[in-house]
2 protein chains.
Amino acid sequence: MSAEGEELAGWARMLADGTRATVCLALLDGRAWTATELAKLAKVSRPTISEHLNLLVGGGLLTEVRQGRHRYVKLAGPDTAELIEGLAALAPRRTEVANSLSAVSKRDAFARARTCYDHLAGKLGVALADAMTERGLIDWSDGIALTPEGQAWLENLGVKVEVRRGRPAVRSCLDVTERRPHLAGAVGAALCSHALQQGWVSHIPGGRALKVNGAVQAFGLSSGV
Amino acid sequence: MSAEGEELAGWARMLADGTRATVCLALLDGRAWTATELAKLAKVSRPTISEHLNLLVGGGLLTEVRQGRHRYVKLAGPDTAELIEGLAALAPRRTEVANSLSAVSKRDAFARARTCYDHLAGKLGVALADAMTERGLIDWSDGIALTPEGQAWLENLGVKVEVRRGRPAVRSCLDVTERRPHLAGAVGAALCSHALQQGWVSHIPGGRALKVNGAVQAFGLSSGV
DNA sequence: CGGACGATTCGGCGGTCGCCTAACTGACGC
DNA sequence: GCGTCAGTTAGGCGACCGCCGAATCGTCCG
C-alpha cells in the first residue's frame, strides 16, 4: 500500500458514500446549497450532513461560504465537476422506471434541457452541439476544437468567454440521457450563462432542469429541437 | 440518498481503499500483472489481493485473463485509465523525501521518463509535447488539436495511429512530476508504442520508468531533453 | 429580551470492510 | 504420482464509518 495509493484512495473515499455522492451530484447544477437543503435532499439528519460537508470541504472537493447562520457549499471548481461527471458517466446506465405522472414530466423536463455543472445538457445541449458542428463552428476531426468561424460567431452573438488557465476552451461531455456528446469547457459555460441572462432558458425550481424559450433558434442556428 | 448517488458511490468505492488504489496506479503502466505480483507490491496477503481483484473485475474497472494457474489483470480500457489519472492529478502534491541512494536514482529515473498508462510521460513526455508544439505539429489555441503538419509528420515517421471510436486523437494529460501537460490520446499511445518498438526507449524492470536512448532526437525533433 | 431557526458537537450504536491464518483446489513439471 | 506453486475459500477478528437523538452554540427578528 503505497503513499500515492493512499492519497488517491483519500480522494475516492470522499465520493465513496451514497450520501456524499448524492450531494455532489446535486451540486453539479453549479449553484450553492445550504446544509439543510442537502440534508432534506439526501434524506439524512442535519448532524449527519454537517459531518459529510466538513469532510468534503476539508478534502477540497467543495468550498463553503458562511453567511450569518447559513452555510453555503458548492463544488470547488470545474476540474472537480469534471471529475464527478467522468465518474458518473462511467457508471452503468440506469434504467429508472418512472412510476407516477409527476415523475414522468419531471424526467422529461430533465431529458429535454438541463444544466450540467455550468453548461447546457439534455436534448437541448446535444442539439446545440450538433447545430454548431453542422455550421462548422466546432471541428471534431482531431478531438474537438473551436474553428475561426466559431470564434467569429461567438463575438457576433456577444458572448464573452472567460479564459482561465488550465481550462480548455471547448470540451466534449457525454450526455447522460442522450448518450451523445454536448459542449462543455469555457465556451460551453459562456453559452449557458449567456442563454440564462438573455432569458432564452430559465431554471425550473427544484432541480437542474431548464425551461426552454426558443433556445437553439435564439442562438441563430436553424436546427430545431 | 438517491439511486444515482448510490451508483456513483459504488464506482468511487472501488478506488477508496489504499490497497486497491495502489493496484490501480501500478496498472497505469498498461501491462497485465499477476495476483501475486500485486500482493507483493501492495504488501498484503494473497487471499486479500484475490478479494480486491474480484471486486475490481466485478465492478468493471479491471479485466482479467486466466492462463493456466495464473490470473492476469489489467485496466479495462483508456477511459478507466483516464479516470484514475484524473483523480490522481487532483490529489494534493506529494513532497516525498527520498531517504536512500537507490531511492533517489529510482525517483530520478521516474521523473526523467516513464509511461503513463499507454503514453510517454516525465521530462521526456513533456519535452516531446513541447517540441511538437514548437514545430507546429499540435495546436493549443483551442483545447488541443493535431495540425495537418502533425499528421504528415506521423505518416512520415511511419507511426500508425489506431483510431478507436470514443477516443480522441490527441488529449493533454497533466504530468505528475513536471506539472505541465504531455501528450495522451490515440496519438500519444501510438508514439509510445512506436518508440518502444524502435528501441528508442525501453522499460526499466520493476516500475513504469523508461531507459532513454536518444528519444526526442530519434523523433527527428531538435529540442534536447 | 426571548423565541425561532440553522448549524454543530457529543456519545453511542450497529453494520461494513479489510485483513489475516489455515485449509483447499487446480495446474504444472520432474 | 508427487511435490510445488498460483490462486481461492472459509472463518473470525478488529477498526472504521455512517447514522441518529439530545444538547448546545450563534444568528436573526419581533
Side-chain angles (χ1 to χ4, degrees), chain A residues 1-27 31-59 61-74, chain B residues 1-27 31-59 61-74:
Chain A
M1 178 153 38
S2 63
E4 297 96 339
E6 214 41 71
E7 264 179 42
L8 173 56
W11 276 84
R13 197 138 36 211
M14 290 198 275
L15 293 172
D17 171 75
T19 301
R20 286 196 296 269
T22 301
V23 166
C24 289
L25 286 174
L27 258 35
R31 287 182 290 183
W33 293 54
T34 66
T36 303
E37 284 171 341
L38 291 170
K40 196 175 296 179
L41 173 85
K43 297 192 175 64
V44 293
S45 70
R46 278 188 292 255
T48 300
I49 212 73
S50 181
E51 278 173 33
H52 284 309
L53 296 183
N54 283 343
L55 198 149
L56 291 169
V57 171
L61 203 63
L62 266 46
T63 56
E64 67 177 27
V65 178
R66 306 248 177 179
Q67 257 176 47
R69 56 184 168 183
H70 294 280
R71 175 193 207 177
Y72 292 97
V73 293
K74 61 187 177 79
Chain B
M1 178 150 44
S2 64
E4 297 98 338
E6 212 45 68
E7 263 179 42
L8 173 56
W11 277 84
R13 197 138 34 212
M14 290 199 272
L15 292 172
D17 170 74
T19 300
R20 286 195 296 269
T22 301
V23 165
C24 290
L25 287 174
L27 258 34
R31 288 182 289 184
W33 293 54
T34 66
T36 302
E37 283 170 342
L38 291 170
K40 198 175 297 182
L41 174 85
K43 297 190 176 67
V44 292
S45 70
R46 279 189 293 254
T48 301
I49 213 73
S50 180
E51 278 174 32
H52 284 309
L53 294 183
N54 284 342
L55 198 150
L56 290 169
V57 171
L61 204 63
L62 266 46
T63 56
E64 68 177 26
V65 178
R66 306 249 178 180
Q67 257 176 46
R69 55 183 169 184
H70 293 280
R71 177 192 206 178
Y72 292 97
V73 292
K74 61 187 176 80

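First the proteins, then the strands, lettered A, B, ... as listed; each starts at 1.
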Using atom [atom1] of [X] as one end and atom [atom2] of [N] as the other, report the distance to the nearest whole Å.
X       : N      : atom1 : atom2 : value
B:Arg66 : C:dA27 : CZ    : P     : 11 Å
A:Glu6  : C:dG18 : CD    : C1'   : 12 Å
B:Leu53 : D:dT8  : CG    : P     : 7 Å
B:His70 : C:dC28 : NE2   : P     : 8 Å
A:Leu56 : C:dA7  : CG    : C1'   : 16 Å
B:Leu15 : C:dG18 : CG    : P     : 12 Å
A:Leu55 : C:dA7  : CG    : P     : 18 Å
B:Arg71 : C:dG26 : CZ    : P     : 16 Å

For [X] and [Y], work out which heavy atoms get closest and say how close.
X       : Y       : value
A:Ile49 : A:Ala42 : CD1-CB, 4.3 Å
A:Leu41 : A:Ala26 : CD2-CB, 3.4 Å
B:Tyr72 : B:Ala32 : CB-CB, 4.0 Å
B:Gly5  : A:Ala21 : O-CB, 3.2 Å

Between [X] and [N], is there a contact of a side-chain N or O with OP1 or OP2 at under 4.0 Å?
X       : N      : answer
A:Arg13 : D:dC16 : no
B:Ser50 : D:dT9  : no
B:His52 : C:dC17 : no
B:Arg20 : C:dG18 : yes
A:Thr19 : D:dC19 : yes
A:Thr36 : C:dC5  : no

Side-chain donor or acceptor of B:Arg20 paired with backbone N/O of B:Arg13 under 3.5 Å: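 Yes; at least one donor-acceptor contact below 3.5 Å.
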
Contacts of B:Arg46 that satisfy side-chain contact (heavy atoms from CB on, under 4.5 Å) - sequence neighbours left out: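 Expected list: B:Thr36, B:Ala39.
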
Do [X] and [Y] touch side chain to side chain, with heavy atoms closer than 4.5 Å?
X       : Y       : answer
B:Asp17 : B:Leu55 : no
B:Thr22 : A:Glu4  : no
B:Val73 : B:Leu38 : yes

All side chain to side chain donor-acceptor pair (under 3.5 Å) counterparts of A:Glu51, not counting sequence neighbours: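 For A:Glu51, no residue satisfies side chain to side chain donor-acceptor pair (under 3.5 Å) once neighbours in sequence are set aside.
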
All side chain to side chain donor-acceptor pair (under 3.5 Å) counterparts of B:Thr48, not counting sequence neighbours: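 So B:Thr48 forms a side chain to side chain donor-acceptor pair (under 3.5 Å) with B:Ser45.
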
Pairwise N/O distances under 3.5 Å, protein to nucleotides 20-25 of chain C:
residue	atom	partner	partner atom	Å
C:dC20	OP2	B:Ser45	N	2.9
C:dC20	OP2	B:Ser45	OG	3.0
C:dC20	OP2	B:Thr48	OG1	2.9

B:Glu64: partners by salt bridge (Lys or Arg N to Asp or Glu O under 4.0 Å), with sequence neighbours left out: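 Checked B:Glu64 against salt bridge (Lys or Arg N to Asp or Glu O under 4.0 Å); matches are B:Arg66, B:Arg71.
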
Check: protein-nucleotides 27-30 of chain D nitrogen or oxygen pairs below 3.5 Å:
residue	atom	partner	partner atom	Å
D:dT27	O2	A:Arg69	NH1	3.3

Overall bend - the helix from C:dC1-D:dG30 to C:dC30-D:dG1, comparing terminal axes fitted on five pairs, nearest 10 degrees: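 Both end axes considered, the difference amounts to 20°.
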
